[in-house]
Amino acid sequence: MRRLAALIMSIITAVTVFTVPITGLAAQTDNGLTAYMPRLGSSVGSDMPRLGAGVTSDSAKSVYNSTTYYTKGKQLYNIVRKALAQHKDSVKVNYLSSNHLSGTQLLDAMEQVIFGACSDELSVDSVDGDYALWLLSQYGIDYDYVYKNGKYYYAVDLELKYYTTSQQEKEVDAVINSFKKTIDTSKMTDYQIIKRVHDFICDKATYNNSAMLGSNSLLFDFDYAFSAYGALVKGSCVCQGYAEAFYRICKELGYKCRFVSSDPDEGCHAWNIVQLDGKYYYVDCTWDDEYDGYDFFLVDYDRLRSEDTKNREHTLESRYSTQYFYDKYGSKIAADDYSNDGDNQLSLCTVDLAYKTKTYTGSSLKPGVTVTDSGVRLVQNRDYVVQYFNSSRAGIGIVNINGRGDYAGTYARRTYVINPGRVADFKVKSGSISTTSLSVNWDSMPGATSYIVDRYNGSSWEKIKSTTATSCTIGSLSPAKVYKFRVRAYYNIYRTGHYSAVYPTLGTATKPKSVTLKSLSAGRGSITAKWSSTACSGYQIQYSRYSDMHNARWVKVGSSYTSKQIKNLTRGKRYYVRVRAYKLRTSGDKKYYYYSSWSSKKSLRTN
């Protein structure tokens with residue numbers, strides 16, 4: 001029977017471990033340490049580690065050699081969380097420890113960092129949290145360390161390997177985005193939406209017995225079977241793939257959902273919990289797919305286990321016996337199966353939002369809500385109340401609809417997209433313009449994960465910078481050239497990018513190169529200045545009776561000039577002269593000048 005379990009997990013292979021005496025500034029490099037992540041529905045494995053408290057506690061930090069190092073804590077976890085969500089092959093982990101760690105001990109510490117990074121407490125997306133944890137197949141470390149002032153500074157290259165490639169994850173994204181377009185949340189109830197997700201996965205996937213039996217070789221690589229890619233693209237997976245797919249799609253449709261599993265000695269199986277009407281129910285797409293039914297769809301824990309003929313594979317793993325899991329999920333798990341033929345349930349009502357997409361304008365965006373039960377429109381504040389979350393920033397806005405009166409104790413949830421608005425105050429940083437670079441800055445956009453700076457090349461816009469900051473320096477420019485830039489806010493949710501639909505543009509120019517004042521020649525009440533040429537719009541010649549250029553006068557000439565006679569000077573007096581180039585940019589009826597630095601001064605008496 002394919003359900004008979006598996007074992008899973010963490011075979012730690014230390015190819016080489018060195019022990020080096022610690023001195024005042026000792027360093028060590030240790031390569032080739034690898035650990036394998038859990039694999040559910042396979043024939044090998046062991047227990048999952050259980051996280052202790054403090055996932056959301058701050059990391060302690062210390063700076064060494066201009067680099068910040070972190071202890072375990074949310075700052076360090078979030079660095080790794082972002083790398084996992086972006087499917088990166090490696091991430092630099094600057095780890096701070098008060099104790100010396102062997103290679104194996106450091107590998108164990110990185111395992112705890114990974115599980116912290118994948119914790120539900122820190123999850124903000126559908127591709128981090130449970131999804132990232134169960135997509136990771138193995139990890140390894142290369143590292144150096146330095147000991148100073150009682151602290152050990154570990155520079156760790158954390159290598160990451162997944163069950164899928166980045167290209168395969170893009171294919172998963174495409175399938176999910178296409179499926180979501182078939183869901184009209186204004187015309188479907190929560191129950192209908194969750195059922196559609198369940199049926200979609202069961203229709204797409206078939207259980208992969210070969211992967212379950214551990215057939216994995218150069219000829220038969222079944223890594224994909226442990227991922228949503230196996231379920232949604234290849235159409236072949238084990239329980240891990242079914243549960244990953246259900247988790248991710250439900251999250252992207254706005255439902256609270258978790259990936260859960262059993263201990264290795266109790267089936268090593270994976271399934272899900274999902275929230276309807278404020279309660280959590282169990283869903284096992286794997287077993288429903290095998291038996292072509294709904295015996296494991298929106299059921300309580302007793303029903304889940306009673307339908308399991310062995311009464312083993314659906315025993316929740318011991319790692320879920322934490323206070324956090326109980327408070328957020330366990331205490332809200334339904335005592336009975338979900339009923340889709342009851343009365344006065346918001347999960348059986350349709351919910352229509354006044355809009356599903358809006359551009360951020362600087363104020364809170366809260367779409368109106370219409371709730372209908374079997375064609376009868378409910379009354380807000382009598383039958384339900386509405387709460388909005390994340391309504392004042394770009395990203396995913398959340399609408400919670402909580403039942404009142406006859407609908408008390410029931411619940412519905414919808415989401416909407418807030419696109420980034422127009423970034424304000426886009427300007428050149430004062431004093432930053434040079435011949436080949438300049439700096440720009442702008443106001444922050446709430447909810448933006450980064451900003452894109454584009455340059456206009458005469459026919460189209462081209463991306464030149466992406467930054468999480470609200471300023472950047474733009475280099476590799478040409479001297480004395482007019483440029484046009486724009487900045488767009490960007491946020492990435494569910495691995496889909498959203499940009500500002502409107503954006504500010506900025507015209508500016510670089511400075512010309514400096515010129516060399518070659519010579520001065522005296523005339524009768526005049527001086528003729530000669531200088532080197534450079535690309536520009538023209539030149540400014542400045543002259544004064546004083547070496548500090550006090551009370552200076554000036555004259556401008558066009559770019560074709562390389563000499564100029566300055567007339568009407570006092571005879572027999574010494575004059576100081578210098579030259580600079582300028583670039584002229586016009587905008588409407590306004591003129592803007594960009595000057596090079598002044599040449600060195602020369603002086604001469606007139607005749």
Side-chain angles (χ1 to χ4, degrees), residues 78 81-83 85-88 124-128 166-167 169-181 185 248 251-254 353-367 388-398 414-429 438-475 483-508:
N78 272 322
R81 179 188 65 79
K82 292 175 183 178
Q86 294 168 11
H87 212 73
K88 289 188 175 181
V124 298
D125 207 332
S126 66
V127 293
D128 60 12
S166 294
Q167 178 56 41
E169 284 301 297
K170 290 179 181 178
E171 294 179 51
V172 175
D173 298 344
V175 171
I176 292 176
N177 287 334
S178 177
F179 170 70
K180 287 191 297 184
K181 292 177 181 177
T185 57
R248 183 171 166 190
K251 292 271 283 190
E252 294 195 17
L253 288 171
L353 301 184
Y355 51 82
K356 296 179 182 177
T357 303
K358 203 78 167 178
T359 297
Y360 182 69
T361 58
S363 58
S364 183
L365 295 173
K366 298 179 178 180
Y388 296 91
F389 299 92
N390 302 332
S391 63
S392 299
R393 56 191 297 113
I396 298 297
I398 299 171
R414 291 293 185 271
T415 60
Y416 57 102
V417 175
I418 303 177
N419 284 318
R422 187 180 190 275
V423 176
D425 203 27
F426 183 36
K427 60 188 178 184
V428 175
K429 187 177 179 180
L438 54 85
S439 296
V440 291
N441 57 303
W442 54 88
D443 287 346
S444 63
M445 168 61 60
T449 52
S450 63
Y451 300 90
I452 310 300
V453 179
D454 302 317
R455 180 174 60 203
Y456 191 67
N457 62 18
S459 59
S460 62
W461 291 98
E462 57 183 3
K463 175 182 173 181
I464 57 171
K465 289 282 184 177
S466 176
T467 177
T468 58
T470 54
S471 64
C472 72
T473 297
I474 303 169
Y483 288 95
K484 184 162 68 173
F485 303 99
R486 71 180 183 185
V487 62
R488 296 173 293 158
Y490 171 86
Y491 81 86
N492 191 332
I493 192 76
Y494 310 144
R495 282 212 294 247
T496 300
H498 298 260
Y499 298 86
S500 300
V502 290
Y503 44 82
T505 59
L506 174 65
T508 187

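Fair warning: this is a prediction, and the values are worked out from it, not measured in the lab.
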Indicate yes or no: at least one non-hydrogen side-chain atom of [X] is less than 4.5 angstrom from one of [Y].
X	Y	result
Pro446	Tyr360	yes
Val417	Lys356	no
Ile418	Ile396	no
Phe426	Tyr503	no
Trp461	Ile452	no
Val487	Val440	no
Trp442	Val453	yes

Heavy-atom closest pair, residues [X] and [Y]:
X	Y	answer
Tyr494	Lys180	CD1-NZ, 4.2 Å
His87	Glu169	CE1-CG, 3.6 Å
Arg495	Asp125	N-OD2, 4.4 Å
Pro504	Val423	CG-O, 3.2 Å
Leu253	Thr415	O-OG1, 4.3 Å
Ala489	Ala448	CB-CB, 4.0 Å

- Test log, rule side chain to side chain donor-acceptor pair (under 3.5 Å), inputs Arg488 and Tyr499: CA-CA 6 Å; Arg488 296 173 293 158; Tyr499 298 86; 5.4 Å; no
Measure the spacing between [atom1] of [X] and [atom2] of [Y] and express it to the nearest 0.5 Å.
X	Y	atom1	atom2	result
Thr357	Leu365	OG1	CG	11.0 Å
Asn390	Ser364	CG	OG	10.0 Å
Tyr416	Tyr388	OH	OH	7.0 Å
Asp443	Thr470	CG	OG1	8.0 Å
Ser466	Ile464	OG	CD1	11.5 Å
Glu462	Asn457	CD	CG	4.5 Å

- Item | Electrostatic pair Arg248-Asp173, nearest N-O below 4.0 angstrom | yes
Looking at [X] and [Y], would you say the former's side chain and the latter's main chain have a donor-acceptor pair under 3.5 Å?
X	Y	value
Arg414	Thr185	yes
Thr449	Thr468	no
Lys465	Thr473	yes
Tyr451	Met445	yes

- Got more than 12 heavy atoms from elsewhere within 6.0 Å of NZ, Lys82? no
- Query: Using a distance-only test with no angle check, is there a side-chain donor-acceptor pair under 3.5 angstrom linking Asp454 and Tyr456?
  - Reply: no
- Task: Over 60° means perpendicular and under 30° means parallel, so classify the ring planes of His498 and Tyr491, tilted if in between.
- Result: parallel
